[in-house]
Amino acid sequence: MTVNPLEIVRTCVSINISKELNIDPSIVKGAFTVPREEYGDLTIVSSKLLGGDRYINRVVRAVENCDYISRVDVVGMYVNMWFNRPRYTELVLNSVIVNGAEYGVYRDVKKRIVVEYVSANPVHPLHIGAARNAAIGSFIANINRAVGNDVQTRFYINDVGRQVAILVLGIKQLRSAEPPEGIKPDHWIGLVYAITNTIVEALSLRRKLELEGSDERKREIQRELDSLLVDAARLREQAPDIFDAILGGLRGLDIESEISKIMKGYEMGEEEISKQARNAVSLCIEGLNQTLKRFKAEIDVWDWESDLVWSGEVDRIVEELRKASSEYKGTLAVNFKQILEIEGIRDRLRIPRNLEIPPLVLLRSNGTSLYTVRDIAYSIKKFREYNADRVINVIASEQTLPQAQLRLALYTLGYHREAENLVHYSYEIVNVEGTKMSSRRGRIVTLDSVLEEAKVRSLAELEKRGAKSEEMAEIIGVAAVRFYLLSVTPSRPVKFSWDSVLNFERNSAPYLLYTFARTEGVFRKARELGIDLSWSKILEKADLHFAQNNLRRWRLVKMISEYPDVFYRSYTELDPSIMTTYMIRLADEFNSWYNEEPIVLEANESLRNSKLITTYAVNQILRSAFRILGIEALERL
RNA sequence: GGGCCCGUAGCUCAGCUAGGAUAGAGCGCCGGCCUCCUAAGCCGGUGGUCAGGGGUUCAAAUCCCCUCGGGCCCGCCA
């Protein structure tokens, strides 16, 4: 277990105060705040303690008993504390050296965790929104592994339903389902799907227009149709042959009944349809997998939704839910009214207090199943197959309601443990400025294109400094995109813009990689000069007073000591942005210091040793954080 | 109509869960710094009615209520 230097001081202070005032140490812990620099290193807001600031002098006396505190000062209600710098420096640097890359990494009681993420519809390439999911999901997997949990990542292939049926309908109109030479398979599938869908929607709107009586409605439909035709024209320009083939084939067909036939046929496992659908979806998945690998978002298990239907697992769920269902809008649905009346159920299942839960419809009138119902079977499977303590679904916030229904349905079926440990990790979507993304119309910013641009940009930068390398450009490009998507708090929407994703200055992964490479450069130089970098030996001969009268050095020591807190918060809140924000601050502090004074070239040996260890600490923290964020560290750049 | 998320500098974002001292970064803009361990860097300057109003409090960007603005959900779609 790695030590948390800051926590050691906080504990020391709070125990002393709690003894003096005879209060619980946790009350003292709630009174800490980090003051502005001129007011010290740590502050107790005395009015937050029991009895307000009446006992402030006793608080001061108590704090003075703590060895890590060298000076205490009272300003109003604030008890400002200055750390004993040499002692604290020793504590921090020693902790870094003893733990190395494990410094600051929290160790949790081992749990088994399934992370389901991405699970994008297998009918188009990944867009930048799915990329946020991929970045966050892989972060969740990485940080859980780092703390010692067993983690399995899964991708749910949603191949049952209308979208795949439309794709199959389109492919049927073509001579060959194989992608043409030189086009990535998911891009090919995305094109066929978008063309087919746009044509299907346009033809359906046209029919609606003919049947509509009201002029106002007519104008509305016409507007919708016009926008659809703009997309159609663009798609036709991209691939005229394919477009015309599909359009020609669909004309005169009763499209809705064709789609319904495919959906039914696929759910029943009809050979011809199943073969076509599996082929097409496999092509898409092949492409998605390529992109995810490139993006450092690995998937351990790929689950086919259709397998759940074919195996009868979905049927069994439907049968069991029937008992809990009643008549609703002419069909059968599960009503959660009774369950929701159980005391504290919303808290236990983490369902928003005021969220209204409509009944969950069991089956379509044509007998086919519905997504949320199939997902019940899938949730049970995830718990069962991995013997999981916890299943985390990384899914955009727009699915809050179906995810809540899912937990309630599990509870209804008696899967109480599963319902309570199924977590909907909700995040906000990515908005692309100017346009509205629509994969149904083939109007998306693909992750592939973003990664490609980032790579081109990285290559150009590398070329400037005479270090042109495709491999390095690839690593830097991926890092830049991942970091960009991870640095916004997940509960807030990301505004995507090419300018910010390709900005490689200050608040970016390239900046951090550069800082890391600088630390490596320091070690290279040291070895060149024949300095032995055995860290514990260096620590023995280090000057622990080196931050005593030097603010920059002291700030760095303190910042290094914050990493365990940052890691812990990032883990418990599963929030990568806590870590990214810290990394930037650490790099800023290091770079300012680096610019100000020599490290290896320091003439005084013990002083040089302290500086080397400080550099090593920054190096280790960045390395550790990179690993969690799925960024590959580069020794030079 | 009901619910959820969001509104902080011209732009992109921290800070809000657990209220504390003068609200922080980056980009942009202006001016400096490469005989020295990597200039994707460093230093200085510029820039804010924390959407608005009310309340709670010794203390509110942070908690509560209302209003305004943006996004999403309320489907026999996923």
Side-chain angles (χ1 to χ4, degrees), chain A residues 29-31 33 35-36 38-39 43 45 47-48 52-53 75-78 80 119-121 158 160-163 305 328-333 352-358 361-372 374-375 395-402 426-429 431 458 461-462 464-465 467 476 480 484 487-489 491-495 497 499-500 503-515 517-526 528-529 569 573 577-578 580-582 584-585 587-588 591-602 611 615 636-637:
Chain A
K29 289 218 165 155
T33 182
R36 281 212 322 277
E38 58 268 36
Y39 289 128
T43 290
V45 182
S47 53
K48 281 192 176 179
D53 49 12
V75 179
M77 72 187 91
Y78 302 104
N80 296 323
S119 298
N121 287 316
N158 303 129
V160 180
R162 192 178 158 91
Q163 296 205 30
E305 192 175 22
Y328 175 75
K329 289 190 183 171
T331 183
L332 222 49
R353 210 158 291 271
N354 298 315
L355 187 63
E356 220 177 290
I357 316 275
V361 174
L362 270 188
L363 287 173
R364 290 195 186 88
S365 339
N366 73 359
T368 56
S369 59
L370 284 155
Y371 167 81
T372 307
R374 295 191 296 265
D375 209 4
I395 298 177
S397 71
E398 59 196 12
Q399 291 202 43
T400 301
L401 177 58
S426 166
Y427 67 95
E428 276 298 330
I429 56 170
N431 295 305
S458 305
E461 291 285 340
L462 287 169
K464 267 194 222 160
R465 61 199 70 207
I476 297 167
Y484 171 75
S487 27
V488 178
T489 310
S491 66
R492 306 172 67 146
V494 168
K495 285 180 203 163
S497 83
D499 273 355
S500 12
N503 170 22
F504 291 176
E505 287 168 341
R506 290 294 274 279
N507 289 346
S508 70
Y511 170 68
L512 294 174
L513 286 168
Y514 174 79
T515 306
R518 265 186 161 173
T519 64
E520 288 291 333
V522 169
F523 304 148
R524 258 197 310 277
K525 186 74 181 179
E528 251 172 53
L529 296 174
R569 278 187 57 214
E573 295 173 33
S577 70
I578 293 170
T580 58
T581 305
Y582 168 78
I584 294 291
R585 280 201 302 135
D588 287 347
N591 281 318
S592 294
W593 175 65
Y594 177 94
N595 205 256
E596 200 164 85
E597 51 176 330
I599 301 169
V600 179
L601 304 177
E602 168 63 55
K611 292 180 174 183
T615 307
R636 19 173 126 234
L637 124 180

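Being a predicted model, the structure only gives us computed values, none of them experimental. In what follows, chains are A, B, ... by sequence order, proteins preceding strands, each numbered from 1.
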Requested in this report: Could you tell me whether the phosphate oxygens of B:A14, OP1 or OP2, come under 4.0 Å of any side-chain nitrogen or oxygen in A:Thr489?
Outcome: yes
In RNA chain B, stems of three or more consecutive pairs, Watson-Crick or G-U, each with both distances under 3.5 Å, turn out to be B:1-7 with B:68-74, B:10-13 with B:24-27, B:28-33 with B:41-46, B:51-55 with B:63-67
In whole angstrom, give me the gap between the P atoms of B:G20 and B:A60.
11 Å
Sequence neighbours excluded, the answer for side-chain hydrogen bond (donor to acceptor under 3.5 Å, both in side chains) partners of A:Asn591 is A:Tyr511, A:Thr515, A:Arg518
Taking only N/O atoms, report every protein-nucleotides 16-23 of chain B pair under 3.5 Å with atom names and distance.
unit_1, atom_1, unit_2, atom_2, d
B:G20, O2', A:Tyr78, OH, 2.3
B:G20, O6, A:Ser47, OG, 2.7
B:G20, N1, A:Ser47, OG, 3.4
B:A21, O4', A:Tyr78, OH, 3.4
B:A21, O2', A:Arg36, NH1, 2.6
B:A21, N6, A:Thr43, OG1, 3.0
B:A21, N6, A:Asn80, OD1, 2.6
B:A21, N1, A:Asn80, OD1, 3.4
B:A21, N1, A:Asn80, ND2, 3.2
B:U22, N3, A:Arg36, NH2, 3.2
B:U22, O4, A:Arg36, NH2, 3.0

Rounded to whole Å, the CD1-P distance (A:Ile578 to B:A14) equals 11 Å
A:Thr372 meets the side-chain hydrogen bond (donor to acceptor under 3.5 Å, both in side chains) criterion, sequence neighbours left out, with none
Closest heavy-atom pair, A:Leu363 versus A:Thr331, reported as atoms and distance to 0.1 Å, is O-OG1, 3.7 Å
### Query
Do the non-hydrogen side-chain atoms of A:Glu428 and A:Val494 ever get within less than 4.5 Å of each other?
no
A:Glu461 meets the salt bridge (Lys or Arg N to Asp or Glu O under 4.0 Å) criterion, sequence neighbours left out, with A:Arg457, A:Lys464, A:Arg465
Expressed in whole Å, how much space separates the P atoms belonging to B:C29 and B:C65?
43 Å
message = I'd like the C1' distance from B:G48 over to B:U12, given in whole Å.
response = 15 Å
From CD1 of A:Ile429 across to C1' of B:C4 the rounded distance in Å is 13 Å
- Query: Do we see a donor-acceptor contact under 3.5 Å between the side chains of A:Ser497 and A:Asp499?
  - Reply: no
A:Ile584 CD1 to B:C27 P, in whole Å, measures 11 Å
Closest non-hydrogen contact found for A:Tyr371 with A:Gln399 is OH-OE1, 3.5 Å
Whole-Å distance, A:Asn354 CG to B:C4 C1', equals 10 Å
Residue set satisfying side-chain hydrogen bond (donor to acceptor under 3.5 Å, both in side chains) with A:Thr43, at least two apart, ordered chain then number -> A:Asn80
Hits for ring pair (Phe, Tyr, Trp, His ring centres under 6.0 Å) against A:Tyr484, two or more places apart or cross-chain, chain-then-number order -> none
In whole angstroms, the gap separating P of B:G10 from CG of A:Asp499 amounts to 19 Å
Check: Which value, in whole Å, describes the distance between the P atoms of nucleotides B:C30 and B:C66?
Finding: 47 Å
Separation of B:C4 atom P from A:Leu355 atom CG, nearest Å, is 8 Å
Per atom distances to the A:Arg636 side chain, the nearest of B:U38, B:A14, B:C37 is B:U38
**Asked** A:Glu597 near the nucleic acid: base, sugar-phosphate alone, or nothing, with a heavy-atom cut-off under 4.0 Å?
**Response** base
#### Entry: Whole-Å P distance, B:C43 and B:A25
11 Å
Protein-proximity profile, nucleotides 73-78 of chain B, B/S/- by nucleotide at the 4.0 Å heavy-atom cutoff, equals SS-BBB
*Below 4.5 Å, heavy atoms only, C-beta onward: do A:Arg364 and A:Leu370 meet side chain to side chain?*
yes
For this session: For nucleotides B:G24 and B:A61, find the distance between their C1' atoms and express it as a whole number of Å.
Result: 12 Å
Distance col, row A:Leu332:CG vs A:Leu362:CG, nearest 0.5 angstrom, shows 5.5 Å
If I pick the C1' atom on B:C76 and the same atom on B:G70, what distance separates them, to the nearest angstrom? 32 Å
Regarding B:C34, purine or pyrimidine glycosidic angle vs 90° from 0 gives syn
Applying ring pair (Phe, Tyr, Trp, His ring centres under 6.0 Å) to A:Tyr582 and not counting sequence neighbours gives A:Tyr563
**Item:** Gap in Å between the two C1' atoms, one belonging to B:G15 and one to B:A9, rounded
**Value:** 15 Å
Taking for A:Val522 and for A:Ser491 the nucleotide of RNA chain B with the nearest heavy atom, the one nearer the 5' end belongs to A:Ser491
For nucleotides 39-44 of chain B, list the nitrogen or oxygen atoms of the protein found under 3.5 Å from its nitrogen or oxygen atoms, one pair per line.
unit_1, atom_1, unit_2, atom_2, d
B:A39, OP2, A:Arg518, NH2, 2.7
B:A40, OP1, A:Arg465, NH1, 2.8
B:A40, OP2, A:Arg465, NH1, 3.4
B:A40, OP2, A:Arg465, NH2, 2.7
B:A40, N7, A:Arg465, NH1, 2.9
B:A40, N7, A:Arg465, NH2, 3.3
B:G41, OP1, A:Arg506, N, 3.1
B:G41, O2', A:Arg518, NH1, 2.7
B:G41, O2', A:Arg518, NH2, 3.2
B:C42, OP1, A:Tyr511, OH, 3.3
B:C42, OP2, A:Arg506, NH1, 2.8
B:C42, O2', A:Asn595, OD1, 2.8
B:C43, OP1, A:Arg552, NH2, 3.4
B:C43, OP1, A:Ser592, OG, 2.7

By side-chain hydrogen bond (donor to acceptor under 3.5 Å, both in side chains), A:Ser508 pairs with (sequence neighbours left out) none
Ring pair (Phe, Tyr, Trp, His ring centres under 6.0 Å) filter on A:Phe523, not counting sequence neighbours, yields A:Trp535
| If only atom types and distance count, is the side chain of A:Arg524 paired as donor or acceptor with the main-chain N or O of A:Arg636 below 3.5 Å? | no
